[in-house]
Amino acid sequence: MCWDGEPGVDGIEFCKKLEHIRELRNKAKQNGLEAPESFWYAPLEELSTIYNGCGPEWMSKFSRKALTFALRVFEPAILIHDYRFELSDGKTDAFNHANTEIYQNCVKQCKATYGWYNPWRYRWWRRAAIVWAFCQYGGWSAWTAAYDKNKDC
């Protein structure tokens, strides 16, 4: 059973989220996405607490859901990116690596989802560059906030 009856948690929704996380991780593995080694062995429950969809924590749940839908092809890469941010060490080079990694993973998702002959492949590829830009130029505060949280533990 995937839910232990924790108060205040909808068991059906929790099970659906765990299954969705499992599918995303499987798709990431199948498509050869890069991730920290620990990502592949992390418990689904842990990943479910880390993953909030596409967008920073300050965005409303509705906005993140809409953005995640708009970037649905990249969702496995977004899961890895959220996990990578959770491991933040607060250093600039690691931040740059995390953002380069999401771009490369998004490109891999484009290639895995659409054949070279399909124009959608290249439309999504351009979106990968936009995702990188938003993460690179708007993600530093989330990176340092995750680091501050980690060092307090």
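Both backbone and side-chain heavy atoms feed into the values below; hydrogens, waters and symmetry mates do not. Just so you know, these numbers come straight off a predicted model, no measurement behind them. Numbers here are sequence positions counted from 1.
- Surrounding NZ of K17 are more than 12 heavy atoms belonging to other residues, nucleotides or ligands, all under 6.0 Å away.
- Using a 30° and 60° split on the angle between ring planes, W125 and Y122 fall in the parallel class, below 30°.
- Side-chain N/O atoms of Y51 and E75 include a donor and acceptor closer than 3.5 Å.
- Each of Y137 and L67 belongs to its own hydrophobic cluster when Ile, Leu, Val, Met, Phe, Trp and Tyr are linked at side-chain heavy-atom distances under 4.5 angstrom.
- Looking only at side-chain heavy atoms (C-beta outward), W140 and T144 come within less than 4.5 Å of each other.
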### Task
Apply side-chain contact (heavy atoms from CB on, under 4.5 Å) to C135 and Y103, showing your working.
CA-CA 9 Å; C135 291; Y103 173 74; over 6 Å; no
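- Residues E101 and H81 form no side-chain contact, since every pair of their non-hydrogen atoms from C-beta on lies 4.5 Å or further apart.
- Minimum heavy-atom separation, D82 to I50: O-CG2, 3.4 Å.
- For the pair N105/I80, a side-chain contact is recorded, criterion being any heavy-atom separation below 4.5 Å from C-beta on.
- Residues F14 and E45 form a side-chain contact, since some pair of their non-hydrogen atoms from C-beta on lies under 4.5 Å apart.
- Residues P76 and L24 come closest through the heavy atom pair CB-O, 3.7 Å.
- The shortest distance between side-chain heavy atoms of P36 and L87 falls below 4.5 Å.
- Grouping the Ile, Leu, Val, Met, Phe, Trp and Tyr side chains by contacts below 4.5 angstrom, directly or via other members, places Y117 apart from V73.
- Distance check: E23 CD to L44 CG gives 11.0 Å after rounding to the nearest 0.5 Å.
- Residues F85 and N99 are in side-chain contact: their nearest non-hydrogen atoms beyond the backbone lie under 4.5 Å apart.
- Checking each of W124, F134, W132 against F74 for a ring pair (Phe, Tyr, Trp, His ring centres under 6.0 Å) leaves exactly one that passes, namely W124.
- W143 pairs in a side chain to side chain contact (heavy atoms under 4.5 Å, CB included) with only one of the listed residues (D89, N96, D148), which is D89.
- For the atom pair CZ (F95) and NZ (K91), the distance works out to 15.5 Å, reported to the nearest 0.5 Å.
- Around atom OH of Y114, more than 12 heavy atoms belonging to other residues, nucleotides or ligands sit under 6.0 Å away.
- In this structure, CH2 on W40 lies 5.5 Å from NZ on K29, to the nearest 0.5 angstrom.
- Distance CZ/R22 to CZ/R25: 8.0 Å, rounded to 0.5 Å.
- Note: I78 CD1 to R72 CZ = 11.5 Å, rounded to the nearest 0.5 Å.
- A donor-acceptor pair under 3.5 Å is formed between the side chain of R64 and the backbone N or O of M59.
- By the side-chain hydrogen bond (donor to acceptor under 3.5 Å, both in side chains) test, S63 pairs with S60, sequence neighbours left out.
- Distance alone, capped at 3.5 Å, places no donor-acceptor pair between the R127 side chain and the L71 backbone.
- Partners of N31 by side-chain hydrogen bond (donor to acceptor under 3.5 Å, both in side chains), not counting sequence neighbours, listed by chain and number: Q109.
- Nearest heavy-atom pair across R84 and A98 is CG-CB, 3.4 Å.
- Distance alone, capped at 3.5 Å, is enough to place a donor-acceptor pair between the T49 side chain and the E46 backbone.
- From I130, atom CD1 reaches atom SG of C106 across 11.0 Å, with rounding to the nearest 0.5 Å.
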